[in-house]
Amino acid sequence: MDAISDSLRVGQRLRHQRERNAAKREQINDYHKIRDMIPERNPHRDDIVARIFEDLLGGLLMREDVPARITRYIAEFNRLYPTKFAKFGEGRLLSLDEALYEDGGGARIDTVTRGLWD
């Protein structure tokens with residue numbers, strides 16, 4: 001009788017531990033779920049997910065609101081780190097393979113290398 005006297009308590013403790021573990025696993029999987037919501041062509045997916053987690057941990061964002069606000073976080077990141085413009089100056093990034101003239105075969109890279117090595 002002593003062997004089974006506290007079996008109910010042990011069983012309840014195991015059940016509650018399993019529920020806590022399942023909830024913890026669900027939170028750990030949030031990273032991959034959020035990362036999958038961001039388009040794969042975006043090279044800064046991990047940075048955007050990190051920003052979302054900052055707001056989740058800070059209490060500024062609820063887990064349920066993440067899918068609705070994901071585009072806002074992507075737009076915010078693109079505003080902070082624009083890729084269309086050069087890092088220094090106001091000009092747009094230019095392709096070095098771009099043809100300088102419509103009728104010529106010279107490319108922008110030709111003028112850069114000649115200028116540097118002449």
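- Contacts of N29 classified as side-chain hydrogen bond (donor to acceptor under 3.5 Å, both in side chains), with partners at least two apart in sequence or in another chain: none.
- Remark: D30 pairs with R63 by the side-chain hydrogen bond (donor to acceptor under 3.5 Å, both in side chains) rule, at least two apart or across chains.
- Screening residues 11-20 for salt bridge (Lys or Arg N to Asp or Glu O under 4.0 Å), with sequence neighbours left out, gives R15-E19.
- With sequence neighbours excluded, no residue satisfies salt bridge (Lys or Arg N to Asp or Glu O under 4.0 Å) with R69.
- With I48 as reference, I38 is the one residue of N78, I34, I38 to meet the side-chain contact (heavy atoms from CB on, under 4.5 Å) rule.
- Shortest non-hydrogen contact noted between L56 and L61 is CD2-O, 3.3 Å.
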Handout entry: Chi angles and distances behind the side chain to side chain donor-acceptor pair (under 3.5 Å) call for Y31, D46
Key = CA-CA 9 Å; Y31 176 82; D46 295 323; 2.6 Å; yes

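- Connection of M62 to I70 is not established within any shared hydrophobic cluster, with ILVMFWY side chains joined at heavy-atom distances below 4.5 Å, either directly or through further cluster members.
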Practice task
Walk me through it: do F53 and V66 pass the test side-chain contact (heavy atoms from CB on, under 4.5 Å)?
Solution key: CA-CA 10 Å; F53 268 99; V66 171; over 6 Å; no

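- Partners of R79 according to the side chain to side chain contact (heavy atoms under 4.5 Å, CB included) rule, which considers only residues two or more places apart in sequence or in another chain, are A75, E76.
- The side-chain hydrogen bond (donor to acceptor under 3.5 Å, both in side chains) test applied to D55 returns R51, Y73, not counting sequence neighbours.
- The 12-atom threshold is not exceeded at CD of E40, counting heavy atoms of other residues, nucleotides or ligands nearer than 6.0 Å.
- Every side chain to side chain contact (heavy atoms under 4.5 Å, CB included) that P39 has, sequence neighbours left out, goes to R41, I74.
- Across every non-hydrogen atom of R35 and R45, the tightest pair is O-NH2, 2.7 Å.
- D47 meets the salt bridge (Lys or Arg N to Asp or Glu O under 4.0 Å) test with no other residue; sequence neighbours excluded.
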